[in-house]
2 protein chains.
Amino acid sequence: MHTPTRKTAEPTVRRLSLYLRYLEAFEQAGRGTISSGELAQSGGTTSAQVRKDLSFFGSFGKRGLGYSTHELTVHIREILGLDRQWRLVIIGAGKIGSAVAGHRGFRDRGFEIVGIFDADPHRVGHALGGVTVSDVRHLETEVKRLRADMAVLAMPAESAPEVATRLAKAGVHAILDFSTAQLEVPSDVTVRSVNLALELEVLSFALVNR
Amino acid sequence: MHTPTRKTAEPTVRRLSLYLRYLEAFEQAGRGTISSGELAQSGGTTSAQVRKDLSFFGSFGKRGLGYSTHELTVHIREILGLDRQWRLVIIGAGKIGSAVAGHRGFRDRGFEIVGIFDADPHRVGHALGGVTVSDVRHLETEVKRLRADMAVLAMPAESAPEVATRLAKAGVHAILDFSTAQLEVPSDVTVRSVNLALELEVLSFALVNR
DNA sequence: ATGTGCTTGTGAAATCGTTCACAATCTAGG
DNA sequence: CCTAGATTGTGAACGATTTCACAAGCACAT
Ligand SMILES: NC(=O)c1ccc[n+]([C@@H]2O[C@H](COP(=O)([O-])OP(=O)(O)OC[C@H]3O[C@@H](n4cnc5c(N)ncnc54)[C@H](O)[C@@H]3O)[C@@H](O)[C@H]2O)c1
Ligand SMILES: NC(=O)c1ccc[n+]([C@@H]2O[C@H](COP(=O)([O-])OP(=O)(O)OC[C@H]3O[C@@H](n4cnc5c(N)ncnc54)[C@H](O)[C@@H]3O)[C@@H](O)[C@H]2O)c1
């Protein structure tokens, strides 16, 4: 594997994540090799797209044969940085925060929830998915102590920007935000937004333009 | 407003949804007009992008002045199909399903939750956000009776494809899926996936490629 | 050892989306 | 009514991503 010369397109990264999922299923099913065409079918794309995506990182296949499911799994894991454990904190122990905290799947994929924070005294102290909710006032010290890599923001949009700034200062360089806030963070912090209202609006547009 | 000659790019639709949010804030704040530059700043894009996005649907501004916040709000609402109520059903009354069902914000933006379904007899009959959970066995008849437009799939990936097919047959043409399933639906059904594990993996990639 | 069939890896072409740049048009002020 | 200043709307240029198309490489059969 070689790191790409120039920065990788986000769609490519997203597809790699999908390929990984299908590869795991294929490996589970006992398939030793898989062709770009089969991977493409699973992911709803084309074989050329699959090969191009992979070619940014190296050549992992055998002409005439395809890819070893196991080897390609390992390679994509390494490309995506999934060959290690990531330490997550959740900020906001409400509906979404609890759902994320209680989701088994994340830990199984290497994302360990090591801390949960809330501002509401009624929530602080209670356990959620095996983790006790801490007071958000102690965010910085706790996040440093826990050596958190990523944070999930599941709190009202109003206070999200402030918390994001504090997280960045405490050394968290990756944030998944469920609020609709516009976060201002240093350029070495990556923010991804999951905006459910927006997704519904895109569906609405699709319905009226059918 | 005119419908675009050819199909609109998805990034454009997503940005329209964001513009709408900022416009509402500006209108609330009493601003009568707004320039493409100001809208661009709110949304983290460029003024040319804003004007281009809008130009696909008509010319809503006044040269030298900008856009009337109120009029542009109305126009974007109409473009996105938000000038009506949409009727939603949620399939899966678990962690994510409950979070969505209990979210006030959707109703406020015209998305009304009219039905919730689950396969677990223990969940059926209980109320969630003012709606009683129905048995998924009655999905088709209930969905038709409720005249549902959209569905949120918050259930295990295994059964998602089957349920998606049944929803399509029952006249639901828009699906927001939280599972990681690959849904096979007729071409007149739009599916959007919210894949949280994938989002974390994109963050992981960003961290290791910093 | 050679041929056949299949599949990769990758330049080149095509397509798609964003940014540029400027004429057209508006308001406001004298 | 005319000018100054601002901002839109949009072709054209640019940049990025996807698709095409094919030579190169490998496995397997004969
Ligand atoms: N539930 C949904 O389906 C849904 C849908 C779309 C968007 N969202 C967004 O996701 C976010 C979370 O939604 P939710 O439904 O879980 O809300 P919620 O009200 O259930 O939970 C929010 C939690 O954040 C805590 N909180 C408030 N201020 C805080 C602060 N400064 N620091 C730490 N914690 C703080 C609250 O005490 C509460 O426990 C919100 O921004 C919401 O708009 C949720
Ligand atoms: N909770 C999270 O943070 C999270 C994160 C990533 C992905 N997801 C995905 O979202 C989906 C829902 O997750 P969750 O955490 O709410 O799970 P959950 O287990 O809490 O809830 C799932 C619900 O679906 C119901 N169900 C099962 N089969 C059904 C069927 N055939 N028809 C109707 N209902 C059925 C179950 O009875 C249960 O109530 C899953 O696909 C999960 O993988 C959840």
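In what follows, every chain begins at residue 1, and chains take the letters A, B, ... in the order their sequences are listed. Only this structure's heavy atoms are used, side chains among them; waters, hydrogens and symmetry mates stay out.
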All N/O donor-acceptor pairs, side-chain side in residues 91-98 of chain B, below 3.5 Å, sequence neighbours left out:
{"residue": "B/Ser98", "atom": "OG", "partner": "B/Ala93", "partner atom": "O", "Å": "3.4"}
{"residue": "B/Ser98", "atom": "OG", "partner": "B/Gly94", "partner atom": "O", "Å": "2.4"}

**Message:** Both atom distances under 3.5 Å, Watson-Crick or G-U wobble: I'd like the secondary structure of DNA chain D as a dot-bracket string, with | for pairs made across strands.
**Reply:** ||||||||||||||||||||||||||||||
**Fill in**
Contacted region of DNA chain D by chain B, from 5' end to 3' end of the hits, cut-off under 4.0 Å to heavy atoms, spans D/dA6 to D/dA12
**Request:** Name all residues meeting the ring-ring contact (aromatic ring centres under 6.0 Å, His included) criterion together with B/His173; count only those two or more places apart in sequence or in a different chain, and write none if there are none.
**Result:** none
**Asked** Between B/Thr12 and B/Asp53, do the side chains contain an N or O donor and an N or O acceptor separated by less than 3.5 Å?
**Response** yes
**Request:** Report the C-alpha distance between A/Phe205 and B/Ile79 in whole Å, list the side-chain angles of each, state the deciding distance to 0.1 Å, and finish with yes or no for side chain to side chain contact (heavy atoms under 4.5 Å, CB included).
**Result:** CA-CA 7 Å; A/Phe205 177 83; B/Ile79 292 166; 4.0 Å; yes
**Request:** Indicate yes or no: does B/Arg192 engage B/Glu10 in a salt bridge with an N to O separation below 4.0 Å.
**Result:** yes
**Message:** Regarding B/Ser179 and B/Asp177, do their side chains bring together a donor and an acceptor under 3.5 Å, going by distance alone?
**Reply:** yes
**Request:** Inspect the contact between B/Glu71 and B/Lys62 and indicate whether a charged nitrogen and a carboxylate oxygen are less than 4.0 angstrom apart.
**Result:** no
**Message:** One character per nucleotide, please: for nucleotides 23-30 of chain C, 5' to 3', B when the base has a protein heavy atom closer than 4.0 Å, S when only the sugar-phosphate does, - otherwise.
**Reply:** BBBBS---
**Request:** Check ring-ring contact (aromatic ring centres under 6.0 Å, His included) between B/Tyr22 and all other residues, then give those that pass, not counting sequence neighbours.
**Result:** none
**Request:** Name all pairs fulfilling the side-chain hydrogen bond (donor to acceptor under 3.5 Å, both in side chains) condition that reach into residues 142-155 of chain A, sequence neighbours left out, sorted by first residue then second.
**Result:** A/Glu142-A/Arg145
**Asked** A/Val208 and B/Trp86: which non-hydrogen atoms are nearest, and at how many Å?
**Response** CG1-CZ2, 3.7 Å
**Asked** Are A/Glu162 and A/Arg166 within salt-bridge range, i.e. N to O under 4.0 Å?
**Response** yes
**Message:** Do A/Arg51 and A/Ser36 pair up side chain to side chain, a donor and an acceptor below 3.5 Å, judged on atom types alone?
**Reply:** yes
**Message:** List the residues meeting side chain to side chain contact (heavy atoms under 4.5 Å, CB included) with A/Val74, not counting sequence neighbours, and say none if there are none.
**Reply:** A/His70
**Request:** Check the pair B/Val133, B/Asp120 against side chain to side chain contact (heavy atoms under 4.5 Å, CB included), reporting the backbone distance first and the verdict last.
**Result:** CA-CA 10 Å; B/Val133 178; B/Asp120 183 347; over 6 Å; no
**Request:** Could you tell me which non-hydrogen atom of B/Val50 sits nearest to which non-hydrogen atom of B/Leu39, and how far apart they are?
**Result:** CG1-CD1, 4.0 Å
**Asked** By a strict heavy-atom criterion of less than 4.0 Å, which residues belonging to residues 199-210 of chain A are in contact with DNA chain C?
**Response** none
**Prompt:** Just how far, in rounded Å, is P of C/dT8 from CZ of A/Phe57?
**Reply:** 18 Å
**Item:** Proximity to DNA chain C (any heavy atom under 4.0 Å), residues of residues 11-22 of chain B only
**Value:** B/Pro11, B/Arg15
Review item, side-chain donor-acceptor pairs of residues 100-112 of chain B, under 3.5 Å, at least two apart:
{"residue": "B/Arg109", "atom": "NE", "partner": "A/Glu201", "partner atom": "OE2", "Å": "2.9"}
{"residue": "B/Arg109", "atom": "NH1", "partner": "B/Glu24", "partner atom": "OE1", "Å": "3.2"}
{"residue": "B/Arg109", "atom": "NH2", "partner": "A/Glu201", "partner atom": "OE2", "Å": "3.1"}

**Prompt:** Can you tell me if B/Thr45 uses its side chain to pair, donor with acceptor, with the backbone of B/Gln41 under 3.5 Å?
**Reply:** no
**Asked** By a strict heavy-atom criterion of less than 4.0 Å, which residues belonging to residues 35-54 of chain A are in contact with DNA chain D?
**Response** A/Thr46, A/Ala48, A/Gln49, A/Arg51, A/Lys52
